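Any value given below was found using the heavy atoms of this structure, including those in side chains, with hydrogens, waters and symmetry copies removed. Just so you know, these numbers come straight off a predicted model, no measurement behind them.
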Amino acid sequence: MCVLHVIPPLLGLTAGPATPSRRADIDSLAARAAAAMRDGFAHVEQGWLSGDELVESRETMVRVLADIPQAGDDLDSIQTDLLEPAFRAQLADAAALPFGNLLVQLDELRGGLARHSSRSLLGGGGFHLMRYPPGAKFMRHRDEEPAMSEPRRNSISFLLYLTPDDWSAADGGSLVVYDASAAPRELPPTAGSLVIYDSTIEHEVQATRRERHLISGRFRESDADWSRRRQEEAEARRGSIR
Ligand SMILES: O=C(O)CCC(=O)C(=O)O
Ligand SMILES: [Fe+2]
């Protein structure tokens, strides 16, 4: 996998605030995702991005990737700090930030998830622009290893698919999630869909037959908060068994 750290080029997208109705939608989404995660499931929100927002995000993705050398047959993952408000603040022209409006909405989502899941989510986290060429796949993994300890841990992951509208089963590239469902769940990368899951849930990507674009992001916690929360959750489970 090709991992590059880039200062994203400034592209002409405006970073207007999320509208009040959109904010209410995001809070409701956060509540539903937090409830799913509490029960050990990934949450899938179909059509989270649609219309102009989806088109603009796809165009931005293609423009940013066009400026970066590509690895060829392997999947490219371009790591950016765009989810970090401090990083965004230091950019000369904040109004021309790539993914500006989307980033504002993801800040709202982080706040909503923190409230509804009682996690002390930190600002920033990974914001990866991913491109799978035909034939690429991603082996089974977790975005956070429970056994490891680091100052900052991935807590909640999200995947936002910027695939073509006419993605079909024949195109492959499904995400397979090993969550609390009775059997692994195969989720096609439907355009504009957003998948939210606890970063410790295992998942993989089946081989795609068509170029496949997405944004893969992480909201983080400090290790101390992560460990305390895990312990409290384990105690609550023991309490409910008794
Ligand atoms: O490509 C996908 O659907 C999943 C990507 C992924 O698992 C990751 O970025 O950690
Ligand atoms: Fe992953």
Side-chain angles (χ1 to χ4, degrees), residues 1 3 5 18 23 25-45 48 77-88 99 102-130 138-161 175-181 185 187 193-205 214-238:
M1 188 191 311
V3 178
H5 294 259
R23 203 171 300 152
D25 289 350
I26 291 174
D27 193 64
S28 140
L29 164 62
R32 286 177 285 120
M37 286 190 296
R38 209 168 295 127
D39 294 336
F41 293 101
H43 177 76
V44 185
E45 189 78 3
W48 191 62
S77 179
I78 310 302
Q79 196 167 318
T80 80
D81 291 330
L82 284 170
L83 217 51
E84 181 68 65
F87 172 77
R88 270 141 60 188
F99 302 108
L102 177 62
L103 295 169
V104 172
Q105 295 183 30
L106 290 170
D107 284 348
E108 298 268 341
L109 179 62
R110 171 165 41 81
L113 287 170
R115 279 193 302 283
H116 291 289
S117 67
S118 304
R119 301 188 187 200
S120 311
L121 300 179
L122 302 164
F127 188 85
H128 313 289
L129 310 184
M130 298 184 81
F138 199 153
M139 65 175 193
R140 184 166 168 169
H141 68 281
R142 304 171 196 260
D143 298 341
E144 182 59 62
E145 286 300 330
M148 264 171 53
S149 157
E150 322 161 69
R152 300 218 189 309
R153 316 191 56 123
N154 294 322
S155 176
I156 297 175
S157 300
F158 66 86
L159 304 168
L160 175 59
Y161 292 106
L175 174 75
V176 183
V177 175
Y178 298 85
D179 64 4
S181 309
R185 275 205 286 168
L187 307 168
S193 64
L194 178 70
V195 183
I196 300 174
Y197 55 99
D198 187 291
S199 301
T200 60
I201 284 187
E202 285 187 292
H203 53 285
E204 69 183 278
V205 180
L214 75 144
I215 292 170
S216 166
R218 320 267 185 257
F219 299 121
R220 298 169 306 171
E221 281 178 283
S222 73
D223 186 51
D225 283 331
W226 197 91
S227 304
R228 185 176 38 71
R229 183 171 57 73
R230 290 263 144 174
Q231 204 167 342
E232 283 168 9
E233 285 168 0
E235 277 162 20
R237 271 197 299 278
R238 275 200 295 277

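For D107, the salt bridge (Lys or Arg N to Asp or Glu O under 4.0 Å) partners two or more places apart in sequence, or in a different chain, are R88, R110. With sequence neighbours left out, the ring pair (Phe, Tyr, Trp, His ring centres under 6.0 Å) criterion links H203 to H141, Y197. With sequence neighbours excluded, the residues satisfying side chain to side chain contact (heavy atoms under 4.5 Å, CB included) with R228 are S120, D225, E232. In this structure, the side chain to side chain contact (heavy atoms under 4.5 Å, CB included) partners of R229, at least two apart in sequence or on a different chain, are R119, S155, E221, W226, E233. For S181, the side chain to side chain contact (heavy atoms under 4.5 Å, CB included) partners at least two apart in sequence or on another chain are F41, D179, R185. Shown here are the ring pair (Phe, Tyr, Trp, His ring centres under 6.0 Å) partners of F158, two or more places apart in sequence or in another chain: F219. Every residue meeting the side-chain hydrogen bond (donor to acceptor under 3.5 Å, both in side chains) condition with S199, not counting sequence neighbours, appears here in chain and number order: S157. Take E150 and apply the side-chain hydrogen bond (donor to acceptor under 3.5 Å, both in side chains) test, not counting sequence neighbours, and it matches no residue. Residues passing the salt bridge (Lys or Arg N to Asp or Glu O under 4.0 Å) test with E145, sequence neighbours excluded: R142. By the side-chain hydrogen bond (donor to acceptor under 3.5 Å, both in side chains) test, T200 pairs with D198, sequence neighbours left out. With sequence neighbours excluded, the residues forming a side chain to side chain contact (heavy atoms under 4.5 Å, CB included) with A86 are E84, listed by chain and number. Residues satisfying the side-chain hydrogen bond (donor to acceptor under 3.5 Å, both in side chains) test with E108, not counting sequence neighbours, are R23.
A pairwise comparison of heavy atoms in V177 and A42 identifies CG1-CB, 4.0 Å as the closest pair. When all heavy atoms of G124 and P85 are compared, the closest pair comes out as N-CD, 3.8 Å. Across all their heavy atoms, G123 and R220 have their closest contact at O-NH2, 3.2 Å. Shortest non-hydrogen contact noted between E144 and N154 is OE1-N, 2.8 Å. In this structure, R218 and S216 approach most closely via the heavy-atom pair NH1-OG, 3.2 Å. Minimum interatomic distance between L113 and A33 (heavy atoms only, all atoms of both residues): CD2-CB, 4.0 Å.
Contact annotation: the side chain of L159 never approaches that of I215 to less than 4.5 Å [non-hydrogen atoms, C-beta and beyond]. Annotation: side chain of T80 is not in contact with side chain of F99 (no heavy-atom distance under 4.5 Å). I201 is not listed as a side-chain neighbour of M37, based on a closest heavy-atom distance of 4.5 Å or more.
The line from NE2 of H43 to CG of L194 is 7.5 Å long, rounded to the nearest 0.5 Å. Rounding to the nearest 0.5 angstrom, the gap separating the CD atom in E45 from the OG atom in S193 is 9.5 Å. Rounding to the nearest 0.5 angstrom, the gap separating the CG atom in L29 from the NE2 atom in H116 is 9.5 Å. Remark: R153 CZ to D143 CG distance equals 12.5 Å, nearest 0.5 Å. The CZ atom of F87 lies 10.5 Å from the CG atom of L103; values are rounded to the nearest 0.5 Å.
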- Item | side chain to side chain contact (heavy atoms under 4.5 Å, CB included) between V205 and V176, worked out | CA-CA 6 Å; V205 180; V176 183; over 6 Å; no
- Test side chain to side chain contact (heavy atoms under 4.5 Å, CB included) applied to L106 and L160, step by step: CA-CA 11 Å; L106 290 170; L160 175 59; 5.8 Å; no
